[in-house]
Amino acid sequence: MIRTHEAGGLRAADAGTTVTLAGWVARRRDHGGVIFVDLRDASGVVQVVFREGAPAAAAHALRNEFCVLVTGRVDPRPPGNENPELPTGEVEVNATGLTILSEAAPLPLPVDDHIEAGDDVRLRYRYLDLRRTGPARAIKLRAGANRIARRVLDERGFHEIETPTLTRSTPEGARDFLVPVRLQPGTWYALPQSPQLFKQLLMVAGLERYYQIARCYRDEDFRADRQPEFTQLDIEMSFVTQDDVIELGEAVVGALWEDLAGYRIPTPIPRITWHEAMSRYGSDKPDLRYGVELTDLSQYFAGTAFRVFAQAIDAGGYVGAVVMPGGATQSRKELDGWQDWAKARGARGLAYVVLDAETGEARGPVARNLSEAHLAGLADAVGAKPGDAVFFAASADRREAQELLGAARIEIARRAGLVDPDAWAFCWVVDAPMFERTDDGEWTAVHHPFTSPNGEWIDRFEEAPDQALAYAYDIVCNGNEIGGGSIRIHRADVQRRVFDTLGISPEEADEKFGFLLEAFKYGPPPHGGIALGWDRICMLLAGAESIREVIAFPKTRGGFDPLTGAPTPITAAQRTEAGVDAKPKTPVEVPPGTSGVAVRVEHSG
RNA sequence: GGUCCUGUGGAGCAGUUGGAGUGCUCGCCGCCCUGUCAAGGCGGAGGUCGCGGGUUCAAGUCCCGUCAGGACCGCCA
C-alpha cells in the first residue's frame, strides 16, 4: 500500500505518529498563510493542514476531488479548534509532503453530501455519485447483506451453486430477454427469469441444500422497485415441509434486520392466509404497520335499494368499506380528489359518506341512496366514529372491489399520517390459491406450474380449481413482498393433473420443460424453496425509496444506462454474424424435452 | 399502451394574472487572506429557459406536439 493509515481512523491516540494518507480532496479552505484540506478516503475524512514550505505552495493548486498522497504528523488540534462533528475531529495532520496522484476536472456533479442531484446526472456520473457518503453506504450495506446471507446459509449446510444465464425460457410468465446464438444461427438463448428449473434439477441431483445470489432477467416495465435485471437470494431444499422453509426464511431475514437495521424481528413471524389478507387488507402483501381494516358489508346491505350495491350483491359479488379516521374534515375538493384517484386506477369511482363530527349523522351523495336503517347502523358496522369518512367499493368481482379498498387503505394511511416510518411489520401470507381465471376463462397458475397443492387439496384440486390452495408462501415487510416460494410437485401424477387443469397438453409440457419432467422420472425428492427479492430487501434496510439506490449501476426507466450508453444499435456485420435474421435449421434429432421454439410460457403466474 | 409530476448557466432552486434587464445559493476562473471545518472578502466568466410548432403587440410563463427523467395504472413473483 502506498499509504500507512486510513484517514477516517485517526484518533487522539495517534498523535505524534507520522502517517502517509492517500485519498481525495473533499474540500479545501485556503486562508493564504494556512490551508486546510479535508482528505477523504473510503474510511472517512481527516483534516490536513498545510502551513509553509513546498507542500503549502503546492496545496494552493489543489482543487476538489484531486487524488493526492499526503505525508505528515498527526497532532492534537489546538485547544478550541476540535470538531466534534467528525470522528477524527480531535486531530489534524500537519503536512510535510504532498504528491498529486491525479488531477480532477471541474465536476459535473458536486461530490457533496448536502446536494441531491437528479437521477439523470447521478447515473451518468455514478462513480462520482458513489464517492458521496449516502450512496456509498447503500452499496456497502448490500455487500453486508450478501455476507450475512452466506454466513447463515453456510452454517446450515447450504451449497452456493451457480446456474446458467444463457439458457431457455423459464416458467415465470414474464417476457424473456433473448440472445442470438452465432453457433446455431437462427436460434436464441433466453436469459433466466429465475433459476427455478435449475434449482429443482439440483434437488434431483441430490445436492439437498442449494442457494445462490442469482441475477434474474424479466423484460417488463420499470417501477421504483423493479429493474429488468434484478437479484434474488435463491434457495431450495429437499425433504422439507413448508414450515421448514419458513423457518429458514425467518433465520435469514432475522439476521439481516438484526445486523443491518439493529432490529430483532419477533419470531415466529405472524402468518395470515391469503384469503384473510384479501378480506382484511385488500392486498396479498398487507402493510401491517397500521390498522384501517376492510369491512365486508355484502350481508349488511342485502336488500338495499341503492343500485350500485344491489347489483354487486345480486351478482354474488362484494360490497365493502374502509374507514378514514378524521376523514369528515376533508373539503369537498379533497373528497372529489378521491374520485379522481379511484378513476386513475380503473375504478368507476369511490362512494363515500362522512359522519358529522358533532351528531354522527351520515352525509354525502351516497347517503341519499341508503335507507334510514342502513345509515343508522353503518357506523357500528364499519367501526367508524363521528368525524370519520367511510369509503365503499362494490363489484361483482370480489377481488376487484377488495383491491380497490386495499389501495384506498394505503392511501388513507398515507394522507392521515398513520404510517410510522420507523416501524417494521413482517408477516407470512400463506395458503395462496393454486389457480386463477385468465381473461379467456382458462385457469392459470398463481405461482408457477410446479407449485404443489396443499395436503387438503392434492387429491381433489380439479373439483374446485378456484378454491384449491397451494403450499405457497410470501414474506411481506411493510407492504412490500420481499420473498416468496413454495413446496414443489415431485409426483409425476400430480404434475400431470396440474398441467391438465392448466390446459397444458403432454406434448406442450414436453416442449416447454420436458427436460425437467424427464429428470423427475428418476426419483425426485420432495423439495421446496424460497427466493428473496434482494434489491427490495436492501432498499428497505437502506431506508431508500428506490432499488436504484442499492444497485451500483442501475438503469433509467427507459432501460437506458446513462453511463455506458447501453443499449446501442449493432452493425450490419454484427447482425449477420449473430444470426439475428437467420432461419433455424430444422432439427434432425432432438433429445426429449428440448425441441420446440422458445415461446413464452402462457399458463403460469 | 394510459394518467400525472418535472425540465431555467456545471449542480440545486426561484421567476406572481403573459409585460422593460432572467434572479439566488453552490461550483468554476483571477486576486486577497495564518485556525477554518458547507471558511471569508473583492472582481469575473458562463444560460438556444429540453426541442419543434402555435396563440399574442408581447411567451420561461398559455395551447399542441415531441424528447428526457421520475411516480403510478396496465404488465410483472
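Note on naming: letters A, B, ... go to the chains in the order of the sequence lines (proteins, then strands), and numbering restarts at 1 for each one. The shown structure was predicted, so the numbers you read here are calculated from the model rather than taken from an experiment.
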- prompt: Given the P atoms of B:U8 and B:G47, what is the spacing between them in whole Å?
  reply: 15 Å
message: Quick check for you: among B:A11, B:G74, B:G70, whose closest atom lies nearest to any side-chain atom of A:Asp119?
response: B:G70
query: In terms of side-chain heavy atoms, does A:Thr231 have a donor or acceptor partner in A:Arg215 at a distance below 3.5 Å?
result: yes
field: Smallest separation among heavy atoms of A:Asp535 and A:Val550, with atom names
entry: O-CG2, 3.5 Å
task: Determine the Euclidean distance between corresponding P atoms of B:G65 and B:U3; express it in Å to zero decimal places.
output: 10 Å
message: In whole Å, measure the gap between the P atoms of B:G9 and B:C51 for me.
response: 10 Å
- request: Kindly say if A:Arg63 contacts the phosphate of B:C29, meaning a side-chain N or O under 4.0 Å from OP1 or OP2.
  value: yes
message: I'd like the P distance from B:G41 over to B:C24, given in whole Å.
response: 15 Å
field: Atom pair CD1/CD1 of A:Ile530 and A:Ile487 - distance to nearest 0.5 Å
entry: 10.5 Å
query: Taking the inter-plane angle between the rings of A:Trp338 and A:Trp341 on a 0 to 90° scale, is it parallel (under 30°), tilted (30 to 60°) or perpendicular (over 60°)?
result: perpendicular
Separation between the P atoms of B:U16 and B:C75, rounded to whole Å: 41 Å
field: Between B:U8 (P) and A:Asp120 (CG): distance, integer Å
entry: 11 Å
field: Gap between atoms CD1 and C1', on A:Ile35 and B:C37 respectively (whole Å)
entry: 15 Å
- prompt: Do the rings of A:Phe513 and A:Phe499 sit parallel, tilted or perpendicular, given the 30° and 60° boundaries?
  reply: parallel
- request: Find which nucleotide of RNA chain B each of A:Asn94 and A:Glu481 is nearest to by heavy atoms, and output the residue with the more 5' nucleotide.
  value: A:Asn94
message: What contact category does A:Asp284 fall into here, base, sugar-phosphate, or nothing, at under 4.0 angstrom with non-hydrogen atoms?
response: base
- prompt: What is the base-pairing partner of B:G60, counting Watson-Crick and G-U wobble geometry with both distances under 3.5 Å?
  reply: none
task: Rounded to the nearest angstrom, tell me the gap between atom CD in A:Glu220 and atom C1' in B:C76.
output: 5 Å
query: B:G46 and B:U55: how far apart are their C1' atoms, nearest whole angstrom?
result: 33 Å
- prompt: Quick check: does any side chain N or O of A:Glu549 sit under 3.5 Å from a backbone N or O of A:Pro135, one acting as donor and the other as acceptor?
  reply: no
- prompt: For A:Arg124, which contact category applies under a 4.0 Å heavy-atom criterion: base, sugar-phosphate, or nothing?
  reply: nothing
- prompt: Over how many whole Å does the gap from A:Glu116 atom CD to B:G12 atom P extend?
  reply: 10 Å
Show me the protein contacts with nucleotides 38-47 of chain B, counting only N or O atoms at under 3.5 Å.
from: B:A39; atom 1: OP2; to: A:Arg27; atom 2: NE; distance (Å): 3.3
from: B:A39; atom 1: OP2; to: A:Arg29; atom 2: NH1; distance (Å): 3.1
from: B:A39; atom 1: N6; to: A:Asp30; atom 2: O; distance (Å): 2.6

query: A:Glu103 has an atom CD; how far is it from atom C1' of B:C28, in whole Å?
result: 15 Å
Lys/Arg-Asp/Glu bridge criterion (N-O < 4.0 Å) met for A:Arg226, A:Asp221: no
statement: Judged by nearest nucleotide, the residue sitting upstream toward the 5' end of RNA chain B, A:Glu545 or A:Gly484, is A:Glu545
task: Please report, rounded to the nearest Å, how far the P atom of B:C75 is from the CG atom of A:Asp221.
output: 11 Å
query: Paired with B:C49 by Watson-Crick or G-U wobble geometry, both distances under 3.5 Å: which nucleotide is it?
result: none
task: May I ask you to evaluate whether A:Arg223 reaches the phosphate of B:C73, defined as a side-chain N or O under 4.0 Å from OP1 or OP2?
output: yes
field: Pairing partner of B:U34 (Watson-Crick or G-U wobble, both distances under 3.5 Å)
entry: none
Gap between atoms CD and C1', on A:Glu65 and B:G10 respectively (whole Å): 15 Å
- line: Ranking B:A11, B:C37, B:G74 by distance to the side chain of A:Asn81, first place goes to B:C37
statement: For B:G23, the nucleotide meeting Watson-Crick or G-U wobble distances (both under 3.5 Å) is B:C13
- prompt: Can you tell which of B:U36, B:C75, B:A11 lies closest to the side chain of A:Gln47?
  reply: B:U36
- prompt: Counting side-chain heavy atoms from C-beta on, which of B:C72, B:G27, B:C75 comes nearest to A:Arg557?
  reply: B:C72
Distance, rounded to the nearest Å, where A:Asp340 contributes CG and B:C72 contributes P: 19 Å
query: Just checking A:Glu92: base, sugar-phosphate only, or nothing, at a heavy-atom cut-off of under 4.0 Å?
result: base
query: If the C1' atom of B:G54 is compared with that of B:G30, how far apart are they to the nearest Å?
result: 46 Å
message: When both hydrogen-bonding distances must be under 3.5 Å and the geometry is Watson-Crick or G-U wobble, what is B:G74 paired with, if anything?
response: none
For residues 80-91 of chain A, which side-chain donor-acceptor pairs fall under 3.5 Å, sequence neighbours excluded?
from: A:Glu82; atom 1: OE1; to: A:Gly80; atom 2: N; distance (Å): 3.1
from: A:Asn83; atom 1: OD1; to: A:Glu85; atom 2: N; distance (Å): 2.9
from: A:Thr88; atom 1: OG1; to: A:Val45; atom 2: O; distance (Å): 2.7

task: Classify the nucleic acid contact of A:Pro108 as base, sugar-phosphate or nothing, counting any heavy atom under 4.0 Å across all strands shown.
output: sugar-phosphate
message: Atom CZ of residue position A:Arg73 - does it have more than 12 heavy atoms of other residues, nucleotides or ligands inside 6.0 Å?
response: no
message: Suppose you measure atom P in B:A71 against the same atom in B:C29; what distance do you get, rounded to whole Å?
response: 35 Å
query: What are the two closest non-hydrogen atoms of A:Asn64 and A:Arg27, and how far apart are they?
result: OD1-CA, 3.7 Å
